Amino acid sequence: MIEHPALLVAIGGFFGAIARFGMSNWFKKRYPSSFPIGTFVINLIGAFLLGYIIGEGLDKSWQLLLGTGFMGAFTTFSTFKLESIQLHADKKWKILAVYLGTSYTLGILLAFLSMKLGSTF
């Protein structure tokens with residue numbers, strides 16, 4: 001494995017950002033909606049996968065490549081916040097409540113469950 005931590009994070013981040021960009025655009029085209037489905041699904045997948053990576057107890061190099069790099073670029077807290085602000089500004093209260101409530105609740109639940117899943121194998 002590569003010995004330079006910053007390079008591991010950069011390589012993982014490169015591929016994570018490309019994956020997020022592609023998936024987000026796919027969801028937007030496939031499921032046009034006021035609900036930000038792309039960011040929602042990506043962040044939930046990311047919470048699950050990051051929990052699994054940590055639960056699996058991978059070597060530090062793999063954690064940097066996959067966890068910090070790929071998952072850090074794949075998931076997007078800033079877009080999640082921006083979309084929440086936009087829903088608030090547009091007075092889409094129900095969508096905002098569902099988006100915030102399910103994102104946080106399911107994200108934490110998926111991360112917890114996948115950490116347990118990763119630690120059992």
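This one's a predicted model, so the numbers in the text were calculated from it and none came from an experiment.
- Residues Val98 and Ile85 are members of separate hydrophobic clusters, defined by side-chain heavy-atom contacts under 4.5 angstrom among Ile, Leu, Val, Met, Phe, Trp and Tyr.
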Output side-chain donor-acceptor pairs under 3.5 Å for residues 87-96, partner residues at least two apart or in another chain, one line each.
| from | atom 1 | to | atom 2 | distance (Å) |
| --- | --- | --- | --- | --- |
| Lys92 | NZ | Ser34 | OG | 3.2 |

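- More than 12 heavy atoms of other residues, nucleotides or ligands lie within 6.0 Å of CZ in Phe35, so this atom counts as buried by the packing criterion.
- Shown here are the side-chain contact (heavy atoms from CB on, under 4.5 Å) partners of Phe74, two or more places apart in sequence or in another chain: Ala19, Arg20, Met23, Ile42, Ile45, Phe70, Met71.
- Evaluation of the side chain to side chain donor-acceptor pair (under 3.5 Å) test over residues 22-33, restricted to residues two or more places apart or in two chains, returns none.
- Of all the heavy atoms in Leu44 and Ser103, the pair that sits closest is CD2-O, 4.0 Å.
- Atoms CZ and CG, from Phe112 and Leu117 in turn, are 12.0 Å apart once rounded to the nearest 0.5 Å.
- Closest approach of Ala17 to Ala73, counting heavy atoms only: N-CB, 3.5 Å.
- Partners of Leu58 according to the side-chain contact (heavy atoms from CB on, under 4.5 Å) rule, which considers only residues two or more places apart in sequence or in another chain, are Ile53, Glu56, Trp62, Gln63, Leu66.
- The side-chain hydrogen bond (donor to acceptor under 3.5 Å, both in side chains) search around Glu83 returns Thr39, Tyr99, not counting sequence neighbours.
- One distance of note links CG of Leu106 with OG1 of Thr102; it measures 6.0 Å at 0.5 Å rounding.
- Note: Phe80 and Phe77 have tilted aromatic rings, judged against thresholds of 30 and 60 degrees for the angle between ring planes.
- Remark: side-chain polar atoms of Thr79 are not paired, donor with acceptor, to backbone N or O of Thr76 under 3.5 angstrom.
- Phe14 and Leu49 fall within a single hydrophobic cluster, where Ile, Leu, Val, Met, Phe, Trp and Tyr side chains are chained together by heavy-atom contacts under 4.5 Å.
- Listed by first and then second residue, the side chain to side chain donor-acceptor pair (under 3.5 Å) pairs that reach into residues 104-115 are Lys81-Tyr104, sequence neighbours excluded.
- Contact record, Leu8 with Leu65: O-CD1, 3.4 Å, taken as the closest heavy-atom pair.
- When the side chains of ILVMFWY residues are joined at heavy-atom separations under 4.5 Å, either directly or via intervening members, Ile18 and Ile11 end up in a single hydrophobic cluster.
- With hydrophobic clusters built from ILVMFWY side chains whose heavy atoms lie under 4.5 angstrom apart, Phe21 does not share a cluster with Phe15.
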